[in-house]
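Single-structure report; data block below.
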Amino acid sequence: IGLAPVLDVRTHVLILGSFPGAASLAAGQYYAHPRNGFWPLMTALTGVDTATIPYPARLDLLRKHHIGLWDVFGECEREGSLDSAIRKPAANDFERLRRLCPELAVVGFNGQAAGKFAPLFAAQGYRTVVLPSTSPAHAAMSFDAKLERWKQLMDDC
């Protein structure tokens, strides 16, 4: 079973991963692996050094910037942390998003596995952006190149 969504009524941008990795599940925190590029990207996008603040304050920072977090899969079977190892996935219940996040306009997908859900959200009228994965397993793209793509999330904020 994955992590609870980080959402509120002011969420404008939702970032969806595939399913939390082993480090995130063990810590009960999104993007907990120390080499995952998610929090450094959020530092660059928000201007606040997320490495110097505790996890609850990181979530508050995202909420302040109207950013939510969740995953496309609510549960699955997987050994390790690679998306390619996901078996028997069950999608999260996204029907409640309109009620929980009435201002939601943009859905960003952290990586190609999550990005397979982009057509579903586009059909609901959301702007969708499939982003390069922040996983340490996807290190071929430089941080700066990833940041340029991730800036697309904030275009409407």
Side-chain angles (χ1 to χ4, degrees), residues 1-76 78 80-83 86 92-94 96-115 117-118 121 126-157:
I1 295 181
L3 301 174
V6 177
L7 306 166
D8 67 28
V9 295
R10 298 178 324 136
T11 298
H12 184 78
V13 174
L14 176 60
I15 299 169
L16 292 174
S18 55
F19 190 77
S24 293
L25 290 172
Q29 300 179 359
Y30 283 96
Y31 305 105
H33 192 287
R35 289 195 336 260
N36 192 294
F38 179 81
W39 292 111
L41 283 168
M42 291 302 107
T43 294
L45 292 174
T46 65
V48 176
D49 185 359
T50 60
T52 63
I53 59 176
Y55 182 73
R58 291 177 182 186
L59 298 184
D60 289 342
L61 173 69
L62 293 182
R63 286 186 195 99
K64 177 183 171 194
H65 286 272
H66 311 288
I67 299 170
L69 295 177
W70 206 7
D71 291 299
V72 295
F73 300 126
E75 57 184 89
C76 68
R78 179 178 64 191
S81 297
L82 295 177
D83 287 343
I86 292 175
N92 270 314
D93 174 16
F94 298 115
R96 56 189 178 150
L97 280 178
R98 291 232 188 261
R99 181 175 38 81
L100 295 174
C101 309
E103 295 181 19
L104 182 62
V106 182
V107 181
F109 299 89
N110 189 349
Q112 296 298 315
F117 281 70
F121 285 86
Y126 297 110
R127 184 168 73 85
T128 60
V129 183
V130 180
L131 300 157
S133 175
T134 61
S135 167
H138 298 279
M141 184 181 281
S142 73
F143 178 84
D144 289 338
K146 286 183 181 183
L147 177 59
E148 285 307 308
R149 295 273 309 279
W150 276 75
K151 283 180 180 178
Q152 296 175 44
L153 276 181
M154 308 308 280
D155 286 348
D156 291 339
C157 289

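The figures here come from the full heavy-atom set of this structure, side chains too, leaving out hydrogens, waters and symmetry mates.
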note = Rounded to the nearest 0.5 Å, the CH2 atom of Trp70 sits from the CZ atom of Phe94 at a distance of 5.5 Å

key: Heavy-atom pair of closest approach, residues Gln152 and Arg127   = O-NH2, 3.0 Å

note = Between His12 and Leu104, the two heavy atoms sitting closest are O-CD1, 3.4 Å

key: Approximate separation, where rounding is to 0.5 Å, of Thr128 OG1 and Leu14 CG   = 12.0 Å

query = Would you say Leu45 and Lys151 make side-chain contact, with heavy atoms under 4.5 Å?
reply = yes

inquiry  = In the structure I gave you, are the side-chain heavy atoms of Asp71 and Tyr30 within less than 4.5 Å of one another anywhere?
reply    = yes

query = Is there a donor-acceptor pair under 3.5 Å between the side chain of Arg78 and the backbone N or O of Pro20?
reply = yes

task = Could you tell me the separation between the OG atom of Ser142 and the CG atom of Leu147, rounded to the nearest 0.5 Å?
result = 9.0 Å

Straight-line distance of Ile67 CD1 to Leu7 CG, nearest 0.5 Å = 12.5 Å

query = Taking the six-membered ring for Trp, are Tyr31 and Trp39 parallel (under 30°), tilted (30 to 60°) or perpendicular (over 60°)?
reply = perpendicular

key: Stepwise side-chain contact (heavy atoms from CB on, under 4.5 Å) check, Arg58 with Leu61   = CA-CA 5 Å; Arg58 291 177 182 186; Leu61 173 69; 5.5 Å; no

remark   = Closest non-hydrogen contact found for Lys146 with Ser135 is NZ-O, 4.2 Å

Heavy-atom side-chain proximity of Arg96 to Pro5 below 4.5 angstrom = yes

Steps toward side-chain contact (heavy atoms from CB on, under 4.5 Å) verdict (Met154, Val106) = CA-CA 9 Å; Met154 308 308 280; Val106 182; over 6 Å; no

task = Compare every heavy atom of Ser81 with every heavy atom of Ala22, then report the nearest pair and how far apart it is.
result = N-OG, 2.8 Å

Expected output: side-chain Ser24 to main-chain Ala32 donor-acceptor under 3.5 Å = yes

ask   = Got Phe38 and Ile15 here, is their nearest side-chain heavy-atom distance under 4.5 Å?
value = yes

inquiry  = Could you measure the distance from the CD1 atom of Ile53 to the CG atom of Asp60? Nearest 0.5 Å is fine.
reply    = 8.5 Å

message = Just so I know, are the side chains of Pro136 and His33 near enough to count as touching, which here means a heavy-atom distance under 4.5 Å?
response = yes

key: Whether over 12 other heavy atoms sit under 6.0 Å from Gln112 CD   = no

task = Quick one: do Trp150 and Thr134 satisfy side-chain contact (heavy atoms from CB on, under 4.5 Å)? Show the steps, please.
result = CA-CA 10 Å; Trp150 276 75; Thr134 61; 3.5 Å; yes

Spatial distance of atom CG (Asn92) from atom CG (Leu16) [nearest 0.5 Å] = 8.5 Å

query = Can you list the steps and then say if Leu97 with Thr11 is a side-chain contact (heavy atoms from CB on, under 4.5 Å)?
reply = CA-CA 10 Å; Leu97 280 178; Thr11 298; over 6 Å; no

request  = Report yes or no: is the cationic atom of Arg149 (NZ for Lys, CZ for Arg) under 6.0 Å from the centre of the six-membered ring of Phe109, at an angle within 45° of the ring normal?
outcome  = no

query = For Phe19 and Ile1, which heavy atoms make the closest approach, and how far apart are they?
reply = CZ-C, 3.8 Å

Closest heavy-atom pair and its distance - Cys101, Asp8 = SG-O, 3.7 Å

